[in-house]
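Numbers restart at 1 for each chain; the letters A, B, ... are given by sequence-line order, proteins then strands.
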Amino acid sequence: GQNIDQPTEMTATEGAIVQINCTYQTSGFNGLFWYQQHAGEAPTFLSYNVLDGLEEKGRFSSFLSRSKGYSYLLLKELQMKDSASYLCAVILREAGTALIFGKGTTLSVSS
Amino acid sequence: DAGITQSPRYKITETGRQVTLMCHQTWSHSYMFWYRQDLGHGLRLIYYSAAADITDKGEVPDGYVVSRSKTENFPLTLESATRSQTSVYFCASSETSGRGTDTQYFGPGTRLTVL
């Protein structure tokens, strides 16, 4: 079966750096997405990794190691508005374009 | 640019009733998806569609029916609603590059309560 693991909750303070980890055991891996979801809202796209390495996009960066089945999302210079759930999702080659999601990590940023 | 919309946004129904959730996108995306989101489970795929008249089951299809007669619409029907189908339902769409790696864009969700 497919398995994606993320920590359930994390807390951090404004201005800090936080790293949200995601490990996966899946077959036919074809890429990994990170989505942000504020409470009561739809998930919104943050990043996509298919090759090993780091992808940087402003305050957010995402890293992938396919050999280790591991990814992380790095958030720098945290702001209160970054309080949200962060969803790791894997795309499987044999499932068309369907995403398999982890349960999400709820990040709380305090002042 | 309306993007992807869902209706209704909130729905309360009773066990055994038929309910249809609507999804409409204006991007002419080929792929459309239905997910449900429950506490403790995250987002789970119900059904998806690669094009008009092409649909396929996801992880949790039982109790649901879909159709896709037009590219822009992808309705989800609960034929006989059960309390276990109380959830938040998200529709999503994506273009296709043929590699299956295009970003999915989500609608605002429908919060369904089955009493």
Side-chain angles (χ1 to χ4, degrees), chain A residues 1-9 20 22-24 26-51 55 57 60 62 64 66 71 84-107, chain B residues 2-7 9-10 23 25 27 29-51 54-61 66 68 74 87-111:
Chain A
Q2 323 294 349
N3 192 44
I4 301 173
D5 286 318
Q6 309 177 230
T8 304
E9 295 180 336
I20 302 174
C22 172
T23 58
Y24 61 91
T26 63
S27 57
F29 176 84
N30 208 27
L32 187 145
F33 287 84
W34 284 96
Y35 280 82
Q36 180 190 59
Q37 185 178 25
H38 286 100
E41 298 183 8
T44 56
F45 170 76
L46 286 178
S47 68
Y48 170 67
N49 296 71
V50 64
L51 300 176
E55 295 279 344
K57 192 182 293 185
F60 293 6
S62 57
L64 176 67
R66 289 172 298 171
S71 174
S85 287
Y86 292 86
L87 314 178
C88 172
V90 170
I91 194 160
L92 303 179
R93 197 176 300 128
E94 67 268 22
T97 67
L99 290 171
I100 307 297
F101 282 86
K103 295 179 182 179
T105 299
T106 299
L107 173 66
Chain B
I4 183 165
T5 57
Q6 294 182 235
S7 62
R9 294 293 314 278
Y10 302 89
C23 179
Q25 53 106 354
W27 294 311
H29 283 172
S30 296
Y31 279 81
M32 295 187 75
F33 309 83
W34 275 107
Y35 294 90
R36 60 178 290 175
Q37 188 172 37
D38 306 287
L39 281 174
H41 286 282
L43 280 157
R44 291 179 292 174
L45 181 68
I46 304 171
Y47 270 95
Y48 68 101
S49 169
I54 300 175
T55 62
D56 209 345
K57 296 178 180 179
E59 183 185 357
V60 288
V66 293
R68 190 144 178 233
F74 191 37
S87 186
V88 180
Y89 291 84
F90 286 102
C91 178
S93 72
S94 70
E95 297 178 33
T96 177
S97 63
R99 295 178 295 125
T101 57
D102 295 295
T103 300
Q104 292 185 23
Y105 298 93
F106 285 80
T110 294
R111 185 174 294 275

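Annotation for R111(B): atom CZ does not count as buried by contact number, only 12 or fewer foreign heavy atoms lying within 6.0 Å.
K103(A) places no side-chain N or O within donor-acceptor distance of the main-chain N or O of G42(B), the cut-off being under 3.5 Å.
For L87(A), the part sitting under 4.5 Å from any heavy atom of chain B is the side chain, from C-beta outward, and nothing else.
Here the side chains of Y48(B) and L99(A) are not in contact, with every heavy-atom distance at 4.5 Å or above.
The heavy-atom pair separating P108(B) from A42(A) by the smallest distance is CA-CB, 4.1 Å. When all heavy atoms are compared, the tightest approach of Q37(A) to F90(B) is NE2-CZ, 3.5 Å.
Note that CD of Q37(B) and CZ of F101(A) are 8.5 Å apart. Values are rounded to the nearest 0.5 Å.
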